[in-house]
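Have a look at the structure below, then the notes.
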Amino acid sequence: MSAREDLVMYDADEYLNRINEQARESLERVGESLRGLEDVTGDGEAEDGLVKVRLGPGGRVREVSIDPRAMRRSSEELAELVKEALNRAHDDLAARIAESGGPVEELRKLNQALTAEHGSLAGALQNMQQQMRNQLERAVAELERLRPNPEWRRLRR
């Protein structure tokens, strides 16, 4: 292999190593972000705190508090208060996750980095492919050159 071919192989290896390292680092940050979200909660209330709701990760209900005064309401009115408090808690949870940057931002950065590296890697692989074609053509030409000429054998007799 020539020095240039070695360089092309090194470039491709370097690109792959760089992509793997970026992906590993980003996935570690995503994992850290997800671990940080375990404690994120969202709070919502309706009608000056008559109904309060606290949500945890994944929108799971952690707490519901209904003031005894709310029990004087009709079941339909109480259901509306619970729905309002839940929706506000969901909005609050989403806002807190967005503020933390969360895994979505890390995944977006990883996608950008991989997209940028993809072009470089594709170019290096095309270059390697062309060099392999050239090597194969040279090998075939050399084999053709070394193959005994049947005419030469006939002339020697």
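- No side-chain donor from either of Arg138 and Gln135 sits under 3.5 Å from a side-chain acceptor of the other.
- Using a 4.5 Å heavy-atom threshold, the side chains of Leu78 and Val51 count as touching.
- When every heavy atom of Ile97 is checked against every heavy atom of Val40, the shortest pair comes out as CG1-CG1, 4.1 Å.
- Atom CG of Asp92 is separated from atom CG of Asn87 by 12.5 Å, given to the nearest 0.5 angstrom.
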Run the numbers on Arg96 and Asp43 for salt bridge (Lys or Arg N to Asp or Glu O under 4.0 Å), then give the verdict.
CA-CA 10 Å; Arg96 290 180 186 199; Asp43 296 311; 3.8 Å; yes
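- A distance of 12.0 Å separates CG in Leu81 from CD in Glu76, rounded to the nearest 0.5 Å.
- The shortest side-chain heavy-atom distance between Ile66 and Met71 falls under the 4.5 Å cut-off.
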Tell me which donor-acceptor pairs under 3.5 Å the side chains of residues 55-64 have, and how far apart each pair is, sequence neighbours excluded?
residue, atom, partner, partner atom, Å
Arg62, NH2, Glu38, O, 3.3

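- The only option from Arg88, Arg69, Arg73 that meets the salt bridge (charged side-chain N to carboxylate O under 4.0 Å, His left out) definition with Glu47 turns out to be Arg73.
- You'll find the side chain of Lys83 stays beyond 4.5 Å of the side chain of Val53, heavy atoms only.
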